[in-house]
Amino acid sequence: MFCFLFCILVFCGGVKGFVSSFNEEPESVDVIIGSETILKCAISNYSGLIQWTRDGFALGGTLAAWPRYQIIGDQSNGEYHLKITDIELSDDAMFECQATEIAKRSKSAKVTVLSEYQHFAHKTHSHYTVVCPVKRFET
């Protein structure tokens, strides 16, 4: 009987309320160089290691090698949001939150880094006009 219940818990998703699942997942976002953003990640019923990936590369649990990246939120409530400060072009990537010990992944989110000009054009959907200064010569 124990083996049967164990198999149900492990292979069939377990008892409702005790299965780990993502409550919040990251969303794709457009950000301006120099600004900051927060990618959401919250998982219920999980106490193992959470890590973020960037373009498929694991950033590690402590983010020690990434000084502009920080895990924020109430980890006792399963919140592992990724805060990226001083956005750079190198942050233009796909990000994913992973619960490594149960092999669960959030949906992927694309961070698109824009310059101030691109942001303005993107928001207004305007046509580009090139204005060149003309130097007047007097004779």
Of all pairs that satisfy disulfide (SG to SG under 2.5 Å), the ones with a partner from residues 34-65, not counting sequence neighbours
C41-C97
Between I32 and V113, is a side-chain contact (heavy atoms from CB on, under 4.5 Å) present by the stated rule, with each step listed?
CA-CA 6 Å; I32 300 172; V113 179; over 6 Å; no
Out of curiosity, S115 OG to I33 CD1, how far, rounded to the nearest 0.5 Å?
6.0 Å
Consider only side-chain heavy atoms of I, L, V, M, F, W and Y, link residues closer than 4.5 Å, and tell whether W66 and I50 are in one cluster.
yes
How long is the span from the CG atom in L39 to the OG atom in S106, to the nearest 0.5 Å?
9.0 Å
Kindly compute the distance separating OG (S20) from CD1 (I102), expressed to the nearest 0.5 Å.
4.0 Å
Suppose we screen for side chain to side chain contact (heavy atoms under 4.5 Å, CB included). Which residues come up paired with A109, at least two apart in sequence or across chains?
P26, S28
Might you work through the side-chain hydrogen bond (donor to acceptor under 3.5 Å, both in side chains) test for E96 and S108, ending with a clear yes or no?
CA-CA 5 Å; E96 189 177 82; S108 296; 3.2 Å; yes
Note: Q75 and E79 closest approach over all heavy atoms is CG-O, 3.4 Å
Do you know which two heavy atoms are closest between K107 and E25, and how far apart they sit?
N-OE1, 2.6 Å
Test of understanding: clusters of I, L, V, M, F, W, Y form through side-chain heavy atoms closer than 4.5 Å, transitively. Do V111 and L89 belong to the same one?
yes
Residues two or more places apart in sequence or in another chain: which of them pass salt bridge (Lys or Arg N to Asp or Glu O under 4.0 Å) with D86?
none
With sequence neighbours left out, what residues match E24 under salt bridge (Lys or Arg N to Asp or Glu O under 4.0 Å)?
none
Under the salt bridge (Lys or Arg N to Asp or Glu O under 4.0 Å) test, which residues partner E88, sequence neighbours left out?
R68
Going by the side-chain hydrogen bond (donor to acceptor under 3.5 Å, both in side chains) test, which pairs reach into residues 50-61, not counting sequence neighbours?
Q51-Q98, R54-Y69
Contacts of type side-chain hydrogen bond (donor to acceptor under 3.5 Å, both in side chains), residue K83, not counting sequence neighbours:
none
Rounded to the nearest 0.5 Å, how far apart are NZ of K40 and OG1 of T37?
10.0 Å
Which pairs count as ring-ring contact (aromatic ring centres under 6.0 Å, His included) when at least one residue sits in residues 76-105, sequence neighbours excluded?
none
Can you list the residues that meet the side chain to side chain contact (heavy atoms under 4.5 Å, CB included) rule with N77, with sequence neighbours excluded?
D74
List the residues meeting salt bridge (Lys or Arg N to Asp or Glu O under 4.0 Å) with K104, not counting sequence neighbours, and say none if there are none.
none
By side chain to side chain contact (heavy atoms under 4.5 Å, CB included), T112 pairs with (sequence neighbours left out) D30, D92, K110, L114
Say you draw a straight line from CD of E36 to CD1 of I84; how long is it, rounded to the nearest 0.5 Å?
10.0 Å
When hydrophobic residues are tied together by side-chain contacts of less than 4.5 Å, even through go-betweens, does I71 share a cluster with L49?
no
Whichever hydrophobic residues join I72 through chains of side-chain contacts under 4.5 Å:
I38
